[in-house]
Structure formats: C-alpha cells, structure tokens
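Single-structure report; data block below.
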2 protein chains.
Amino acid sequence: MTATETADTETAATEAAPATGTRDGIASQRIANSLRDAILSGVYSPGSRLRQEDIAEQFDASRLPVREALRSLQADGLVTIVANTGAWISRLSLAECREMYQIRERVEPLLLKYSQPMLTPADLAHLESLVHQMENAADVETFLRLDREFHMLTYSGADTLILGPTVERLWNSTQHYRRAFTKLQNPRGNSVIHHEHNLLVAALQRTDIEEAERVLFGHIRRTRLELERHPELFA
Amino acid sequence: MTATETADTETAATEAAPATGTRDGIASQRIANSLRDAILSGVYSPGSRLRQEDIAEQFDASRLPVREALRSLQADGLVTIVANTGAWISRLSLAECREMYQIRERVEPLLLKYSQPMLTPADLAHLESLVHQMENAADVETFLRLDREFHMLTYSGADTLILGPTVERLWNSTQHYRRAFTKLQNPRGNSVIHHEHNLLVAALQRTDIEEAERVLFGHIRRTRLELERHPELFA
DNA sequence: AATGCCATCATTGGATCCATTGATCCGACT
DNA sequence: AGTCGGATCAATGGATCCAATGATGGCATT
C-alpha cells in the first residue's frame with residue numbers, strides 16, 4: 001500500500017464531510033450534461049467517435065474539462081474510452097443489453113415499491129392521461145418521451161439516493177436501443193404495451209403493490225424478449 | 001442541442017469501435033486502482049478528505065491524473081466530489097446502505113443463475129474449503145477476504161459484461177460497513193453465516209439453482225436486517 | 001466578551017504546452 | 001503483385017502555470 005503514512009492523519013481528520021451532494025465541476029459538468037442529453041436524444045449513434053478537440057471547440061473550452069466529462073459519461077456507461085486511442089459512444093452487444101434488461105426486471109419493481117405509498121391521486125390521474133397520450137402518439141420521439149415520463153412518474157414517490165439514480169442510468173444506457181426497437185414497430189400498432197401500462201396504473205390505484213411489481217416485471221421482461229428477437233439492431 | 005453540426009459526420013463515420021474493452025489511462029488508471037485498493041482495505045475511513053496535491057505527491061505524478069482518478073472513483077461511488085471544495089471518501093447513510101443491500105438481494109441471485117451452470121467440481125470443492133477456512137478465521141480482515149473470495153467464486157462462472165462489474169461495485173461501496181459490522185461480532189461466534197454458506201454450496205452441488213437463489217437472497221437479506229440494527233455505524 | 005465582517009491563504013478548476021502512443025500511408029523487398 | 005516494414009502525422013496523456021472559489025483567522029465593532 002503506497003498511501004500509508006498520510007492515512008492515519010486523514011482518518012483522524014474527518015473534516016466536515018459534504019452532505020452527499022454530488023454537485024460538480026462547473027464547466028466539466030456542463031459539458032457532461034450537454035453531451036449526455038445529446039447522446040440520449042440520439043444525436044450520436046453507438047460507435048461514433050468523440051474527439052476531445054472537437055468537443056472542446058463546440059463548448060468553447062479546453063480539452064481538460066472535456067476529458068473529465070468523458071470520464072463521467074464513461075462511468076454512466078454511455079461512452080467507452082480506450083487509452084491513448086480515443087472515446088466512442090458505447091455500443092452494447094445483445095448480451096449486454098439483455099443483462100441490463102434483466103437487472104431492470106429485478107430492480108425497478110423494488111423502486112416502485114419505494115414509490116407507490118407516496119403517489120398522490122393527482123399522480124395517478126396524470127399516469128392515466130399519459131397512457132392515453134401514448135396511445136395517440138404520432139412519432140417515435142414523442143412515444144419515447146411519454147414512455148419515459150410515464151415510468152419516471154411511477155417512480156417519483158421514491159425518495160432514494162441510490163436506487164433512483166441507478167435505474168435512471170439503466171434507462172440511459174439502453175435508450176438508443178429502445179429508440180431503434182420502437183422505430184421498427186408501428187407505435188400505435190403494438191397495443192400490448194398500453195394494456196400493460198393500464199394494468200400497472202390500475203394496480204397502483206388499488207394500492208396493490210405486489211400486483212404492480214408483477215406487472216412491471218412482466219412488462220420489462222416482455223420488452224426484453226421482443227428485443228432479443230431483433231439481433232440486427234446490435235453490433 | 002449544441003452538438004448538432006458535427007453529429008451527421010460522426011454518425012456516418014462509425015470508425016472501428018473498440019471491443020468494449022474499458023482499458024484505460026496509464027497513470028490515472030494506476031492511481032485509481034491503487035486508491036481503490038486502499039479505500040477497500042480500510043486505509044481511509046468514510047468522511048476523510050482526499051487532497052489532490054497529497055495524492056499526486058504519493059504517486060509521483062501531477063494533479064491532473066489524480067483528478068481523473070478521483071472522477072473514476074466517484075463513478076464507483078467510493079468518493080464524493082464537491083465543486084471547488086474537494087473530495088471525500090464517501091460516507092453512506094443507513095438508508096443508502098439499505099438500498100444497496102436491497103439491490104444486492106435482487107441482483108446477485110441473477111448473477112448466480114448465470115454462473116451456476118459453468119461451475120466445475122473443482123470450484124465446488126474450493127467453495128467447501130473456503131467455508132471451513134472462514135469457520136476458523138481468526139481476525140476480521142481474513143474473514144472479510146475469505147467471505148469475498150467465497151461469493152466471488154460462486155459468481156466466477158458468469159461470463160457477464162454488465163452484471164458482474166455491477167455486483168462488484170455494490171460490494172465495494174458497502175465494504176467499509178461490512179468491515180465495521182464484522183468487527184462488532186465475534187467472527188467465530190456467528191455460525192448462521194456458515195450454515196447459509198453451506199446451504200448455498202449444497203444447492204449448487206445439486207444444481208438446484210432456484211434453491212441457491214433463495215438461499216443467497218435470504219443470506220443478503222438477513223445481513224441487511226442485522227446491519228439495520230446498528231445505526232451507530234453510520235453518519 | 002461575543003459576534004460579524006474582512007483579508008489572507010490554501011485548494012481546486014481550467015488553459016496552454018510538451019511528450020507519447022497509435023494509425024495511416026508510402027516504399028522497398030520478396 | 002502482394003505484403004511487410006518504417007516514417008510521418010494526428011490525437012491522446014501528462015506537466016506546469018494561472019485564475020477563481022471556498023475556508024480560516026484576526027480584527028474591529030457593538
């Protein structure tokens with residue numbers, strides 16, 4: 001261990017530790033957030049190169065905050081960095097995507113269990129409205145936005161510091177493949193998803209959390225199985 | 001969206017993307033790994049300050065790779081960075097630790113399901129041996145090392161790119177509290193854990209994956225419930 | 001004497017410059 | 001003609017320097 005001599009002084013110090021607030025660098029965080037939004041909204045495709053200099057120029061900054069931003073995005077799994085070579089938008093294999101969905105199947109019901117008791121009647125009404133809007137969604141981007149809004153609203157009652165952000169990262173990592181898959185289908189043609197959403201809202205209205213968890217599990221699982229039938233979407 | 005004009009050129013480019021290998025910076029990665037080991041082995045305690053300059057001096061490098069290393073550790077949840085202020089070893093609240101354990105309860109059985117079919121008779125024999133060694137473990141550090149080795153061996157058959165690393169991060173984030181909790185107990189006094197480990201190995205030997213998953217779930221859950229009875233370990 | 005304000009200082013964030021690594025292209029050799 | 005090897009070039013990794021922010025201590029004032 002190389003960090004021995006300072007350790008005891010440090011452990012003794014325990015200076016006023018922050019409240020867990022992960023507020024971060026000014027420029028680097030701004031760049032990371034903008035890039036994240038760009039990636040999630042489909043501006044970049046998996047496999048495309050991210051040149052530090054180009055990004056630095058876009059944000060009118062030096063390459064240094066860009067490097068730190070890329071590091072953050074790598075942590076989110078959105079970017080893949082190879083030493084001395086460069087950064088690329090992460091490209092998931094079918095196997096990796098499958099794992100992510102299986103994690104979601106098991107973790108999101110837990111988040112729902114945290115959230116459900118705090119959902120208000122207004123939230124439930126809004127959920128019903130979102131289902132209707134999705135049934136009438138014309139284009140893919142609207143559909144995706146509403147779908148995310150729907151599920152995030154079901155989770156909005158959860159006051160969690162780990163679970164919520166974890167689920168959000170899982171959603172972000174698979175966002176591109178959700179878009180690609182949605183494009184394959186006629187958004188209004190696939191009515192199963194709307195039925196599932198309705199069942200979920202109904203269970204939440206009855207405060208039947210176990211049934212809600214089951215429906216959510218099945219919803220994610222069915223999506224995964226359908227996704228697995230389209231290996232052409234992957235590398 | 002600020003990154004529009006280069007997007008189309010980038011999406012078209014799709015230059016040879018790397019194989020998902022997250023190999024990384026030479027110095028920054030070395031620093032990150034060393035710091036990670038130091039944190040996990042208990043050299044630093046939660047809440048202790050990490051000064052960039054001190055670390056840079058320890059590793060005979062400039063502050064720049066240290067900053068990137070801290071960023072990586074922040075991504076792992078081991079370090080908390082506050083803008084313009086500094087970095088601290090992450091301090092989990094009881095609620096956060098509880099969430100992590102609940103995630104583990106649901107995710108680790110899935111990883112076990114991936115691993116079980118690939119476990120060899122030699123692996124199973126080694127697992128039995130580890131249980132015996134744990135029963136005779138004299139000190140806390142040995143106990144912790146064997147416990148980690150045992151569980152990681154049960155997962156060693158899993159060829160996963162997402163799940164495995166995810167579980168490892170969950171273990172790392174809670175390592176300090178596992179140590180603190182273990183110290184409270186007489187390592188040899190608590191025989192429940194050894195019974196659970198034996199049940200797990202037995203189920204794996206019978207290739208009864210469902211029972212193995214149940215035992216593992218209960219094992220993690222029981223640990224969580226006992227941990228929750230010791231709020232004095234947290235901030 | 002206690003408290004609030006101000007100045008100094010320590011520490012982090014960012015920019016520029018240099019070193020190093022990896023990729024591409026051309027030429028020579030088989 | 002094809003392939004292997006080397007040289008050039010582009011892009012990343014790291015070091016040093018400068019700016020800005022937060023913290024600490026002393027001083028004055030009430």
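All figures in this text were calculated on a predicted structure; none of them were measured in a lab. Just so we're on the same page: letters track the sequence lines, and every chain starts at 1. What's counted below: heavy atoms across the whole structure, side chains too, no hydrogens, waters or symmetry copies.
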May I have the distance from A:Arg51 (atom CZ) to C:dA23 (atom C1'), rounded to whole angstrom?
11 Å
Counting only side-chain heavy atoms from C-beta out, which of D:dT16, C:dT12, C:dG14 sits nearest to B:Ser62?
D:dT16
Whole-Å gap separating P (D:dG13) and CD (B:Gln29):
11 Å
Can you check the A:Glu57 CD to D:dA11 P distance for me, whole Å?
12 Å
Are OP1 or OP2 of D:dT12 and a side-chain N or O of A:Arg49 less than 4.0 angstrom apart?
yes
Distance, rounded to the nearest Å, where B:Leu70 contributes CG and C:dG13 contributes P:
9 Å
Rounded to whole Å, how long is the line connecting atom CD1 of B:Ile26 with atom P of C:dA19?
16 Å
Relative to each other, are the rings of B:Trp171 and B:His151 parallel, tilted or perpendicular (30° and 60° limits)?
tilted
Within this structure, what is the CH2-to-P distance between B:Trp88 and D:dG22, rounded to whole angstrom?
12 Å
Is any side-chain nitrogen or oxygen of A:Gln52 closer than 4.0 Å to OP1 or OP2 of D:dG13?
yes
Would you check if the side chain of A:Ser90 reaches a backbone N or O of A:Gly77 as a donor-acceptor pair within less than 3.5 Å?
yes
B:Glu96 side chain to A:Leu161 backbone, donor-acceptor under 3.5 Å:
no
Any side-chain donor-acceptor pair under 3.5 Å between B:Ser34 and B:Asp37?
no
What about B:Arg63: does its side chain form a donor-acceptor pair under 3.5 Å with the base of D:dG14?
no
Side-chain-base donor-acceptor pair under 3.5 Å for B:Arg67 and D:dG14:
no
Using whole Å, what does the distance between atom P of nucleotide C:dG14 and atom CD1 of A:Ile55 come to?
15 Å
Taking D:dG14, D:dA15, C:dG13 as options, the one with an atom nearest any side-chain atom of B:Ala61 is D:dA15
Minimum side-chain heavy-atom gap A:Leu119-A:Ser156 below 4.5 Å
yes
Nearest whole angstrom, please: distance from the P of D:dA11 to the CG of A:Leu64.
19 Å
